[in-house]
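This report refers to the structure that appears directly beneath it.
For ligands, and for the atoms within them, numbers begin at 1 and follow the listed sequence. All values derive from a computational prediction rather than experimental measurement.
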Amino acid sequence: MADKTAKLTLDDGRTVNLPVVVGTENEHAIDIRSLRADTGYVTLDTGFMNTGATKSAITYIDGEAGILRYRGIPIEELAEKSTFVETAYLLIHGQLPTATQLTDFSKQLTYHSMVHEDMHHFYAGFPSSSHPMAVLAAMVSSMSAYYPDCLDRNAPMELHITRILSKVRTIAAFAYKKSIGQPIMYPRNALTYCANFLHMMYAVPAEPYEPDPLVVKALNQLLILHADHEQNCSTSTVRLVGSSGANVYAAVAAGILALWGPLHGGANQEVVEMLEDISTSGGDVKKFVSDIKDKKGNRRLMGFGHRVYKNYDPRAKVLKKMADQLFDHLGVSDPLLDVARELEEAALKDEYFVGRKLYPNVDFYSGIIYKAIGIPTPMFTVMFALGRLPGWIAHWKEMVEDPSTKIGRPRQIYSGENQRPYVDINDRT
Ligand code: ACO
């Protein structure tokens, strides 16, 4: 860390020197932790647009340059050469696994893939119209009841990490099977992580199911690309909840709920719904874009724009290539893909989007790919959650292992009434 300071002059003429923290990629931050004690001032940063909540060694993003790296390794290389399980190990443990470590990790994930039989009853209690994100969050939170040693903050965390990574995949596939009234399919130990998920989603007892290798590759890529994105809304939620000492299942369940919102993980579902809307109402892309620009109906171009990327989201580039490859391979022709391409072309040429640096984000293509491989729309955000798990776990672990962690507790600027007396109910006007 460099030995630098920043000087702040207050309106009353006082001056304070604040330490400057420099990250390994030369990112500079002013450390304001002593500001309140020294001056009585706090900082105000609604939406945490410019606030570093922690130091973290997991993921590096340069949104202006379109760079995303996990533990230093570019996302493009991981998407091309790695698997989701290997990338999960990298994120959680900090290094790529050796061959032996990878085999052990994969075996552990296989051995812990079953969901406690008693938990199967929970599915019956949910209405058939339940959104799978509601089911997923409830089931993950319930896992803490089945593995109560997670409540002991000094107990080893490794087994819980393996359990949550492995079982969320099973819980997600079971939720889908229940929602369509089919019998659940138990995992098959001979299959890899992603192939096993596809088996649990699409196999039926009457027929064997062999996952297509390119579909398995596409699923690996999708999950890798979603695996972490530093201090986003859901990850910050996991850290905030975990900072109180809550167990990993509770912290991850909170992350799942934060991800559910349409401005975060719900966007991939909204992208497909938007494309369907355009398609069914005649496919007039120009009119749609112009309505968005005029802020008609307060709509946004879903799958465009990002708080961090002010350039093409590097994940969207990888997925665009995969979408082309997969559609060719599967021989699928989806009018939504044509609408998406037209929309992207129109927006990238339009001053409204260019001027605001609004480029396609990861969700612009992920929904179309999920649709092509048979994942139903309400499951899209569940797929995002499955992918984001290693990131949430890695951040939770990093935070728990850091002795300097404090419970998260932001300040505020109070903007309400000044002190006033209680008025009796008969005297109120
Ligand atoms: N379509 C149209 N206009 C947009 C869009 C969009 N998708 N995104 C931002 N804008 C406009 C805003 O209206 C605003 O315009 P103004 O200056 O005229 O008021 C300007 O761009 C800045 O927008 P903000 O909301 O301040 O940008 P912010 O960084 O807070 O928002 C966000 C980022 C939430 C992702 C936003 O771009 C958005 O809503 N996108 C659509 C939803 C989406 O795709 N979310 C997925 C994000 S990726 C992920 O979570 C994995």
Legend entry - Within 45° cone and under 6.0 Å: Arg356 NZ/CZ vs Phe353 ring: no
Legend entry - Tyr147 six-ring centre to Arg163 NZ/CZ under 6.0 Å and within 45° of normal: yes
Legend entry - Interatomic spacing from CD1 in Ile92 to CD1 in Ile393 - rounded to 0.5 Å: 4.5 Å
Inset, instruction - For Tyr146, check ring pair (Phe, Tyr, Trp, His ring centres under 6.0 Å) against everything at least two apart and list the hits. - result: His116
Legend entry - Contact residues of ligand 1 (heavy atom under 4.0 Å), by chain and number: Leu263, His264, Ala267, Ile292, Lys295, Arg300, Leu301, Met302, Gly303, Phe304, Gly305, His306, Arg307, Lys310, Tyr352, Arg356, Leu358, Asn361, Val362, Asp363, Phe384
Inset, instruction - Salt-bridge test for Glu398 and Arg239: reply yes if a basic N is under 4.0 Å from a carboxylate O, no otherwise. - result: yes
Legend entry - Spacing of CZ belonging to Phe84 relative to OH belonging to Tyr89, to within rounding of 0.5 Å: 15.5 Å
